[in-house]
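Take a look at the structure below.
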Number of protein chains: 2
Amino acid sequence: MGNKEIQEQRIKSYFIEATKEILKGEGLKSLSVRNIAERAGYSYATLYNYFKDVKDLIFECVVDFHEECEEFVKTETKKSQSGPGKIKAIAKAYVKYFIQYPGIFELFFLEKTTELANKQPTIKLIYSFLDKLSEDEWEYCIKTKIVSAADASIMKDTVHYAIIGMLLFYINRREPGTYKEFFEKIETQLNYILKVK
Amino acid sequence: MGNKEIQEQRIKSYFIEATKEILKGEGLKSLSVRNIAERAGYSYATLYNYFKDVKDLIFECVVDFHEECEEFVKTETKKSQSGPGKIKAIAKAYVKYFIQYPGIFELFFLEKTTELANKQPTIKLIYSFLDKLSEDEWEYCIKTKIVSAADASIMKDTVHYAIIGMLLFYINRREPGTYKEFFEKIETQLNYILKVK
DNA sequence: TTATATATTTAACAGTGTTAATATAATGAA
DNA sequence: TTCATTATATTAACACTGTTAAATATATAA
């Protein structure tokens, strides 16, 4: 019967919600099993009845954040009209999401996950995410001959790599020193890579 | 008298060498105070007579690795003649160094260091390092009108951000799956950003 | 040699993730 | 309802982590 599974899923969600709150707030560094369990209203060992280990729990959050980010980017860029401008808008919204939640950036890109072989699809989801968000726009640019398919393939990667690099420096190394400077640099970089303006 | 200081520096170096060995081998994850001390031939508490804390010790390693990387890049690119080709060669050597020692990449870019206000110069050293390695070549390109000063400033950043992004994906997320693919991508990206070939 | 100063180590504390044993709650049958 | 069984939750413990205070060993000076 499904009642057991519904209840089980419900308790799992308490742990997941607690973990997501901590990740969005204090970040990965202040995440601990006892911390999560306290917020979820259970003892720390109870967590292991519902998750293999804490990594398992954390990776369930990844999927949720992923969906949240996708929705954020879509609503943020809804009014942009197709073309390189929209690709820029998508990239900027993507950046904004991680600036809002640096803990999620940490989780997505900085945390060691190589030992989680079974979670490989989730990892793939992360690094192909920006591509997925902007693939329609790239196709549009190719079809309308704004850019060649070969160039598009390279530019798509450049945008992604450069953005992650900038986020890494800004979030982890405070460079540039202010958000204003950072976002201007994002703008400059996107303009250069996408050859706009 | 300087004898005391020489001896003190000598013992410090034992800890530093031990830490460097672990970082180059097993990496940051298997670095611990007891681990370091054992390899240095001292008890774990002795470390605190020579370093404020373990972060202090680790940051002394950063300076050493920095010098080692600089030398590696210089010998690797000695025969390249000035111009965009040499900038490419420098970037590729820079990448090779971190591929050889992923633990050092972790240490330089992934480790949280925001709470170390006094070490700010060291942090600045890290993120301005590639710029420093290639600044002469950029000046050359500007003087010989290969590129404008304005473009050079942007391209310099793009190269750096994109390379760090690619290293992050490859080292931390195993994307692309093979070194061959990874290095081909480095080549492709550099060619696009630097407008060569 | 003895007294003092210095250097090193051991013991302890407050954390971490995880597991085994125990206690509690829910469920079934008599 | 009462008892036995099962499922779930909690406490205790283990092996780690970085760090500090007290105890010990070593070197220096009188």
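Computed over heavy atoms, backbone and side chain alike; hydrogens, waters and symmetry mates excluded. Just so we're on the same page: letters track the sequence lines, and every chain starts at 1. Bear in mind that the values here come from a model prediction, so they are computed numbers and not experimental data.
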Sub-4.5 Å side-chain heavy-atom contact between Phe105(A) and Tyr97(A):
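No - every pair of side-chain heavy atoms lies 4.5 Å or more apart.
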
Thinking salt bridges, do [X] and [Y] make one under a 4.0 Å N-O criterion?
X	Y	value
Glu68(B)	Lys24(B)	yes
Lys92(A)	Glu76(A)	no
Lys12(A)	Glu60(A)	yes
Lys132(B)	Glu70(B)	yes

Is the Tyr101(A) to Phe65(A) ring centre distance short of 6.0 Å?
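Aromatic pair excluded; centres sit 6.0 Å or further apart.
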
Step through it carefully: locate the ring centre of Tyr161(A), locate the ring centre of Tyr161(B), and say whether they are under 6.0 Å apart.
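Aromatic pair excluded; centres sit 6.0 Å or further apart.
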
Check DNA chain D against residues 13-26 of chain A and give the residues with a non-hydrogen atom under 4.0 Å, in numerical order.
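Correct list: empty, so none.
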
So what is the end-to-end bend of the helix from dT1(C)-dA30(D) to dA30(C)-dT1(D), with 5 pairs used at each end and the value given to 10 degrees?
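Inter-axis angle at the ends, rounded: 30°.
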
Drop me the distance from Phe15(A)'s CZ to Arg10(A)'s CZ, to the nearest 0.5 angstrom.
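The CZ atom of Phe15(A) sits 15.0 Å away from the CZ atom of Arg10(A).
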
Cut-off 3.5 Å, no hydrogens considered: what does the side-chain donor-acceptor table look like for residues 40-48 of chain A, sequence neighbours left out?
unit_1, atom_1, unit_2, atom_2, d
Thr46(A), OG1, Ser43(A), O, 3.3

Quick test of your reading: applying ring-ring contact (aromatic ring centres under 6.0 Å, His included), list the pairs with at least one residue in residues 171-197 of chain B, sequence neighbours left out, ordered by first then second residue.
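Counting only pairs at least two positions apart or across chains, the ring-ring contact (aromatic ring centres under 6.0 Å, His included) contacts touching residues 171-197 of chain B are Tyr170(B)-Phe182(B), Tyr179(B)-Phe183(B).
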
Go along nucleotides 19-25 of chain D 5' to 3' and tag each nucleotide: B for a protein heavy atom under 4.0 Å from its base, S when only backbone or sugar atoms are that close, - otherwise.
BB-----

So what does [X] hit on the nucleic acid, given a heavy-atom distance under 4.0 Å: a base, only sugar-phosphate, or nothing?
X	result
Thr46(A)	base
Leu31(B)	sugar-phosphate
Ile11(B)	sugar-phosphate

Would you mind reading off the distance between [X] atom [atom1] and [N] atom [atom2], rounded to a whole angstrom?
X	N	atom1	atom2	answer
Lys29(A)	dT16(C)	NZ	C1'	16 Å
Asn49(B)	dT10(C)	CG	C1'	14 Å
Phe51(A)	dT19(C)	CZ	C1'	18 Å
Gln7(B)	dA5(C)	CD	C1'	15 Å
Tyr42(A)	dA23(C)	OH	P	22 Å

OP1 or OP2 of dT8(C) under 4.0 Å from side-chain N/O of Tyr50(B):
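The answer is yes; a side-chain N or O of Tyr50(B) sits under 4.0 Å from OP1 or OP2.
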
Please report, to 0.1 Å, the donor-acceptor pairs under 3.5 Å made by any side chain of residues 144-160 of chain A, with sequence neighbours excluded.
unit_1, atom_1, unit_2, atom_2, d
Thr144(A), OG1, Tyr140(A), O, 2.8
Thr144(A), OG1, Cys141(A), O, 3.4
Ser148(A), OG, Asp151(A), N, 3.0
Asp157(A), OD2, Lys185(B), NZ, 3.4
Thr158(A), OG1, Ile154(A), O, 2.9
Thr158(A), OG1, Gln189(B), OE1, 2.6
Thr158(A), OG1, Gln189(B), NE2, 3.4
His160(A), NE2, Tyr94(A), OH, 3.4

